[in-house]
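Read the structure below first, then the notes.
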Amino acid sequence: GKHVKSKEIRSIKPGIFETGDLVLLIDEFSVSASEVLAAALQDNDRGTVVGRRSFGKGLVQEQYDLKNGGALRLTVARYYTPTNRSIQKPYANGQKESYRAEVYDRFSDTIKPPPDSSNIHLFTTKKGKKLYDGGGITPDVWVPLDSHQTAKKQLLLGSQALTTTAFEIFKAEQQQLKTMTSAQQFCNSFVLPAWVWPSLVQRAATDSVYVNPADTLARNKALLQTKAMLARYVWRGTGYFTVANTTDPVFAKALSLLANPKP
């Protein structure tokens, strides 16, 4: 930066997976430390990054306590990738809310946007791979959102309604859940009760997220997410991803890349 010396951070200890094919999954909700990791792997030609452009949070902040009991969080640095790309995305006209909401504007983009040469710069790895800055990490292999994914559906998937409903199912279905010996068995055989979808629609509406009850695509996505959250209560992360990955196109693409690695 202009006011302090740049500090370079290098890995000095042996890693647990230094050789072998590696694929890293990211999307618009991959933030901060996950972006630093993705950049390190991508810039060093270590792995293939798959998915969609990450959020773009590359600021380092320090907190200063105030005498009145409050606190001040001050930006003191920015993260740069090994090729010297800035991870931080720009603030739109300096507006904080626009900065946060920008990620939802991407849901209308179903193809990888081309680099804008007027404000995006080209960087090159040692092996000649071309990379760009402009905020966030752009994956090596782009997997777009499906054309039916909208901001409203994404708000539903991220709403408190799903979390609350998943916990209610967990309490109500203890007897059946105890018969499940693995996350995979649960994924294959457990069927959510019929009341779940109407409950999700009603609960979401209380948070001003209005979804058409007859929207089959929204229903299928929401029920799958709820089932994944339910699995997390029993098998933690393993349970969640066993269910969530069954229809995840980014995960499917990653598996295909690992099955057919480049020479």
Side-chain angles (χ1 to χ4, degrees), residues 23-35 37 50-52 54-55 57 100-101 103-107 143-255:
V23 174
L24 183 74
L25 312 184
I26 65 172
D27 65 13
E28 53 278 350
F29 297 112
S30 300
V31 181
S32 195
S34 62
E35 296 180 279
L37 173 61
V50 179
R52 294 181 295 278
S54 62
F55 182 88
K57 197 276 185 187
R100 292 175 175 173
V103 70
Y104 290 103
D105 295 336
R106 302 183 197 177
F107 295 142
V143 181
L145 284 163
D146 66 66
S147 59
H148 301 287
Q149 187 77 317
T150 63
K152 180 182 290 186
K153 289 176 185 175
Q154 192 64 34
L155 285 172
L156 171 64
L157 296 179
S159 72
Q160 190 66 32
L162 274 70
T163 306
T164 304
T165 302
F167 187 65
E168 279 199 357
I169 304 169
F170 174 70
K171 293 188 297 182
E173 301 293 331
Q174 277 293 302
Q175 186 173 352
Q176 185 178 2
L177 288 172
K178 287 179 179 178
T179 67
M180 303 289 168
T181 58
S182 68
Q184 192 60 58
Q185 181 191 7
F186 168 85
C187 180
N188 294 340
S189 61
F190 186 87
V191 178
L192 294 178
W195 58 264
V196 172
W197 175 237
S199 176
L200 285 175
V201 172
Q202 184 177 1
R203 278 206 171 101
T206 63
D207 293 330
S208 300
V209 179
Y210 301 100
V211 181
N212 183 353
D215 188 335
T216 303
L217 289 169
R219 175 182 181 276
N220 291 343
K221 288 180 178 295
L223 290 180
L224 181 74
Q225 180 75 352
T226 303
K227 184 173 178 178
M229 290 179 171
L230 173 60
R232 177 184 280 155
Y233 283 120
V234 185
W235 295 278
R236 300 185 184 277
T238 298
Y240 178 88
F241 288 108
T242 296
V243 175
N245 288 343
T246 55
T247 62
D248 188 288
V250 180
F251 183 73
K253 184 63 178 180
L255 289 180

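- In this structure, Ser159 OG and Leu156 CG are separated by 5.0 Å, a value rounded to the nearest 0.5 Å.
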Legend entry - CA sep, side-chain torsions, deciding dist, call: Asp27, Val250, side-chain contact (heavy atoms from CB on, under 4.5 Å): CA-CA 9 Å; Asp27 65 13; Val250 180; over 6 Å; no
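- Residues satisfying the ring-ring contact (aromatic ring centres under 6.0 Å, His included) criterion with Trp235, sequence neighbours excluded, are Phe186.
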Inset, instruction - May I have the step-by-step check of side-chain contact (heavy atoms from CB on, under 4.5 Å) for Asp207 and Gln160, ending in yes or no? - result: CA-CA 8 Å; Asp207 293 330; Gln160 190 66 32; 4.3 Å; yes
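- To the nearest 0.5 angstrom, Tyr240 atom OH is 14.0 Å from Lys227 atom NZ.
- Taking each heavy atom of Phe170 and Val234 in turn, the nearest pair found is CE1-CG2, 4.0 Å.
- The two residues Ala161 and Ala204 have their closest heavy-atom pair at CB-N, 3.8 Å.
- In this structure a side-chain-to-backbone donor-acceptor pair under 3.5 Å is missing from Asp248 to Ala244.
- Smallest separation of non-hydrogen atoms from Thr246 and Thr242: CG2-O, 3.3 Å.
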Inset, instruction - Quick one: do Leu37 and Ser34 satisfy side-chain contact (heavy atoms from CB on, under 4.5 Å)? Show the steps, please. - result: CA-CA 5 Å; Leu37 173 61; Ser34 62; 5.7 Å; no
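- Side-chain atoms of Lys253 never come within 3.5 Å of backbone atoms of Gly51 as a donor-acceptor pair (strictly under, hydrogens ignored).
- Taking CG of Leu162 as the start and CG of Leu157 as the end, the distance is 6.5 Å to the nearest 0.5 Å.
- The OG1 atom of Thr247 sits 4.5 Å away from atom CG of Leu224, with the distance rounded to the nearest 0.5 Å.
- Between the side chain of Arg52 and the main chain of Val143, a donor-acceptor pair closer than 3.5 Å is present.
- Looking only at side-chain heavy atoms (C-beta outward), Phe190 and Leu230 come within less than 4.5 Å of each other.
- The OG1 atom of Thr226 sits 4.5 Å away from the CG atom of Leu200 when rounded to the nearest 0.5 Å.
- Heavy atoms from other residues, nucleotides or ligands lying under 6.0 Å from OH of Tyr233 number more than 12.
- Heavy-atom minimum distance, Gly239 versus Ala183: CA-CB, 3.8 Å.
- The distance from the CG atom of Leu24 to the OG atom of Ser54 is 10.0 Å, given to the nearest 0.5 Å.
- Residue pairs satisfying the side-chain hydrogen bond (donor to acceptor under 3.5 Å, both in side chains) criterion with at least one member in residues 161-181, sequence neighbours excluded, are listed as follows: Thr165-Arg203, Glu168-Arg203, Thr181-Gln185.
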